[in-house]
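To start, the structure itself, in structure tokens.
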2 protein chains.
Amino acid sequence: MYLCPMYSSELVKGTLKTIVLRLLTEHKEMYGYEITQRVKELTGGKIQITEGALYPSLHALEKDGLLTTETMNIGKRVRKYYSLSKEGKNKAAEKITELSDFLNTMRFLLDLKPAQG
Amino acid sequence: MYLCPMYSSELVKGTLKTIVLRLLTEHKEMYGYEITQRVKELTGGKIQITEGALYPSLHALEKDGLLTTETMNIGKRVRKYYSLSKEGKNKAAEKITELSDFLNTMRFLLDLKPAQG
DNA sequence: CAAAGATACATAAGGAGCTTATGTATGTCA
DNA sequence: TGACATACATAAGCTCCTTATGTATCTTTG
């Protein structure tokens, strides 16, 4: 039985920040755990962002001024909501364009026929 | 003026071996330098494989039994031609399928509309 | 004909971005 | 009450790449 294998980690490597920025262009604010769940849900479990990867990335994006944060108390627990700054919106658009272009290029390479190469 | 910027290296990271295996499914044998030139040509310079990345990868693929080599003398120079082994053909098909699936998933994430997320 | 650049291989130090492991704490369900 | 989910965080270590360096031959051009 074939159940939702994850992609090899080296393949997903490098796309994390773009995925985060992409999600935040559609959702005004999201918190870390929510992002991991959303991606898992949207990809049928094929991409599962680990917390060890996500939190340092979020911190880096915030440090770079691309994300702003707002802390909320949910009961006795703390949630840290992230939103795109103005600069973040620009960067998001840029990274999304680059990734989209990259996907096209890789698709082209995969679909090559001998006659073309 | 906007001339063929390369993709950020972290984006391309992880796709090198699959690209090599892919090219070798269309060309019975290729040598290292040829691979770098072919990829550069096919991608309009957007992916430029460095020799520091390629040669160790080729050696690893050979060590794993996926590639076989044949050394040829061109004048006084040596060329090392790489071909897919039987195992390499299977692995190539596997990696290509995975990458293709991954491209679809990433495309889906990029094309999300608010109503869907 | 000498210098520059292309062809062709190779290896090694170092960095970025992950994985894996660990830690803390609260909420929920059987 | 013990397991699992929610929710944050950090650190050691790994992989794959970049950057730098090395060797050598072939070709083009001033």
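As a basis for the values below, the full set of heavy atoms in this structure was taken, side chains included, without hydrogen atoms, waters or symmetry mates. Protein chains get the first letters and strands the later ones, always in sequence-line order, with residue 1 at the start of each.
Using modelled atom types and a 3.5 Å distance limit, the side chains of B:E51 and B:T36 yield no donor-acceptor pair.
Among the protein residues, B:R79 comes within range of the sugar-phosphate backbone only, with heavy atoms under 4.0 Å from sugar or phosphate atoms but none that close to a base. At the heavy-atom level, A:L16 lies under 4.0 Å from the strands shown only through sugar-phosphate atoms. In this structure, A:K76 reaches the sugar-phosphate backbone alone: every heavy-atom distance under 4.0 Å involves primed, P, OP1 or OP2 atoms, never a base. Among the atoms of the strands shown, only primed sugar atoms or phosphate atoms (P, OP1, OP2) are found under 4.0 Å from some heavy atom of B:G32. Residue B:E51 is in base contact, counting any heavy-atom pair closer than 4.0 Å across all strands shown. In this structure, A:S9 reaches the sugar-phosphate backbone alone: every heavy-atom distance under 4.0 Å involves primed, P, OP1 or OP2 atoms, never a base.
Between A:I35 atom CD1 and D:dA9 atom C1' the separation is 15 Å, expressed in whole Å. Atom OH in B:Y33 sits roughly 20 Å away from atom P in D:dT23 (whole-Å rounding). When the P atom of D:dA7 is taken as reference, atom CE of A:M72 falls 13 Å away, rounded to whole Å. The separation between A:M6 atom CE and C:dC18 atom C1' is 12 Å, rounded to whole Å. D:dC8 atom P lies 13 Å from atom CD1 of A:I49, rounded to whole Å. Regarding A:L11, its CG atom lies at a distance of 15 Å from the C1' atom of D:dC17, rounded to whole Å. Summarising the geometry, the separation between CD1 on A:I47 and C1' on C:dG17 is reported as 15 Å, rounded to the nearest angstrom. The interatomic distance linking A:E70 (CD) with D:dC8 (C1') rounds to 17 Å, in whole Å.
Between B:S83 and B:E29, the shortest heavy-atom contact is OG-CB, 3.5 Å. Here the shortest heavy-atom pairing between A:A92 and A:L84 reads CB-CD1, 4.3 Å. For A:E87 against A:D64, the heavy-atom pair with the smallest separation is OE2-O, 3.9 Å.
Distance alone, capped at 3.5 Å, is enough to place a donor-acceptor pair between the B:Y7 side chain and the A:D101 backbone. In terms of modelled atom types and a separation under 3.5 Å, the side chain of A:T18 and the main chain of A:I96 share no donor-acceptor contact.
Place B:E10 and B:Y82 on DNA chain C by their nearest nucleotides, and B:Y82 ends up nearer the 5' end. Between A:L58 and B:L54, it is A:L58 whose nearest contact on DNA chain D lies nearer the 5' terminus. Each of A:R77 and A:A53 was assigned the nucleotide of DNA chain C with the nearest heavy atom; the assignment lying further toward the 5' end belongs to A:A53.
When each of D:dC17, D:dC16, C:dT20 is scored by its nearest atom to the side-chain atoms of A:T50, the top-ranked nucleotide is C:dT20. For B:Q37, the side-chain atoms get nearest to C:dT7 when compared with the rest of C:dC18, C:dT7, D:dT6.
When each of A:K95, A:K17, A:K13 is paired with B:E10, the salt bridge (charged side-chain N to carboxylate O under 4.0 Å, His left out) condition holds for A:K95 and for no other.
Remark: B:K80 is in phosphate contact with C:dA10, judged by side-chain N or O atoms under 4.0 Å from OP1 or OP2. Contact check, B:Y31 against C:dA8: a side-chain N or O comes under 4.0 Å of OP1 or OP2. Taking side-chain N and O atoms only, B:Y55 has no distance below 4.0 Å to OP1 or OP2 of C:dA10. Under 4.0 angstrom from either OP1 or OP2 of D:dC17 there lies at least one side-chain N or O belonging to B:S57. Taking only side-chain nitrogens and oxygens, B:H59 never comes nearer than 4.0 Å to OP1 or OP2 of C:dC9.
For the ring-ring contact (aromatic ring centres under 6.0 Å, His included) test, no residue two or more places apart in sequence or in another chain qualifies with B:Y55.
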Under a 3.5 Å cutoff on both atom distances, Watson-Crick or G-U, what's the dot-bracket for DNA chain D ([ ] crossing, | other strand)? ||||||||||||||||||||||||||||||

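A salt bridge links B:E26 with B:R22: at least one charged nitrogen is closer than 4.0 Å to a carboxylate oxygen.
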